[in-house]
Amino acid sequence: MTRVVALTGAGISAESGVATFRDSGGLWEGHDVHDVATPEAFARDPETVQRFYDARRRHLRTVAPNAAHRALARLEGALGEGLLVVTQNVDDLHERAGSRRVVHMHGELARARCVDCGARIPWARDLRGADPCDRCGHGVLRPDVVWFGEIPYDTERIEQAVVACDLFVSIGTSGAVYPAAGYAALATAFGARTIEINLAPAAADVPFDEVRAGAAGVEVPRWVDEIIAGA
Ligand code: APR
Ligand code: ZN
């Protein structure tokens, strides 16, 4: 059975109305990334950081999965354990489209994390003004999002899947941030075929075997139809 790893980035959620990072002139909804997405920023000005993520968490309630998210869920229906979605996104659009096998390497807006006991708690409300952690009774709750300078989640599981896969597809990511940016080269090194689907494909350290330039909402369903037809 073909084993597929799909790495997704902000571009897969763009057509759902979720801003990408580098298409908005490098500012995150008006914020410099160093003011809202580093542990230092949280220590310096927790109110601004909580406010930034509360706004993004609230915005999630106004957007919906698009055809690309739905196509990957359909592919999971066909391949089952033969597909793993590794996403850099912190939105919940893959899950809301029906994907179950999703690894959020940069964490999730829909979770909070206790700064003291490390508990990761499903969270839908604002974190500003939230009560302390109910697991340890005293820890401050922060967004369960991996900030710059922090270690991404599940990297061992991801690398094992990338090494073992036959087909690696990168969807809507600029390849600007490691370790995600290195997964296509790792897949190539272990003999997988690699495909990039991107509105504006960028030059990669190691070229993809195939590049499909276009919107994820159009190209991903088309690619999934081909995989399912050939499965
Ligand atoms: N369809 C396909 N690709 C798209 C679309 C679309 N509709 N719109 C934009 N793209 C592509 C862009 O061409 C770009 O290559 O999506 C990519 C978005 O790149 P970034 O904004 O850099 O997002 P991403 O690659 O996910 O960033 C990676 O960097 O900022 C950190 O932690 C943050 O997870 C993020 C990581
Ligand atoms: Zn706690």
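One is the number of the first residue; the rest follow in order along the sequence. From a predicted model like this one, the values you see are computed outputs, not experimental measurements. We count ligands from 1, going down the list as the structure has it; atoms in each ligand are counted the same way.
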Between the Zn ion (ligand 2) and Cys117, is there an N, O or S atom separated by less than 2.8 Å?
yes

Parallel, tilted or perpendicular: which describes the rings of Phe52 and His31, with under 30° parallel and over 60° perpendicular?
perpendicular

When you measure from the heavy atoms of Gly214 to every atom of ligand 1, does any distance fall below 4.0 Å?
yes

Can a non-hydrogen atom of Ala176 be found less than 4.0 Å from any atom of ligand 1?
no

Counting both backbone and side chain atoms, is some N or O of Phe148 under 3.5 Å from an N or O of ligand 1?
no

Pairwise distance CG(Leu75) to CG(Leu83) - rounded to 0.5 angstrom:
5.0 Å

NZ/NE/NH1/NH2 to OD/OE distance under 4.0 Å, Glu47 and Arg51:
yes

When only distance counts, is Gly9 in polar contact with ligand 1, meaning an N/O pair under 3.5 Å?
no

Can Thr194 and Glu210 be counted as having a side-chain donor-acceptor contact under 3.5 angstrom?
no

The answer for which part of Val177 has a heavy atom under 4.0 Å from ligand 1 is side chain

Considering the heavy atoms of Gly172, write down every atom of ligand 1 situated less than 4.0 Å from one of them.
3 (N), 16 (O), 17 (C), 18 (C)

Looking at Ala215, which atoms of ligand 1 are within less than 4.0 Å of one of its heavy atoms?
1 (N)

Counting heavy atoms only, which of Asn198, Leu199, Val218, Val146 comes nearest to atom 12 (C) of ligand 1?
Asn198

Is any side-chain N of the basic residue among Arg44 and Asp35 closer than 4.0 Å to the acidic one's carboxylate O?
yes

Among the clusters formed by ILVMFWY side chains lying less than 4.5 Å apart, do Val169 and Val5 turn up in the same one?
no

Salt bridge between Arg57 and Asp54, side-chain N to carboxylate O under 4.0 Å?
yes

Carboxylate-amine/guanidinium contact Arg74 Glu76, below 4.0 Å
no

At a 4.0 Å threshold, what atoms of ligand 1 neighbour a non-hydrogen atom of Ala200?
13 (O)

May I ask you to identify, for Ala14, whether its side chain, its backbone, both or neither come under 4.0 Å of ligand 1 on a heavy-atom basis?
side chain

Assign the ring pair Tyr53 / Trp147 to parallel, tilted or perpendicular, where the plane angle (0 to 90°) is split at 30° and 60°.
tilted

Can you list the atoms of ligand 1 that are under 4.0 Å from a heavy atom of Glu15?
1 (N), 6 (C), 7 (N)

Counting heavy atoms only, which part of Gln88 comes closer than 4.0 Å to ligand 1: side chain, backbone, both or neither?
both

Structural part of Trp147 in contact with ligand 1, heavy atom criterion under 4.0 angstrom
neither

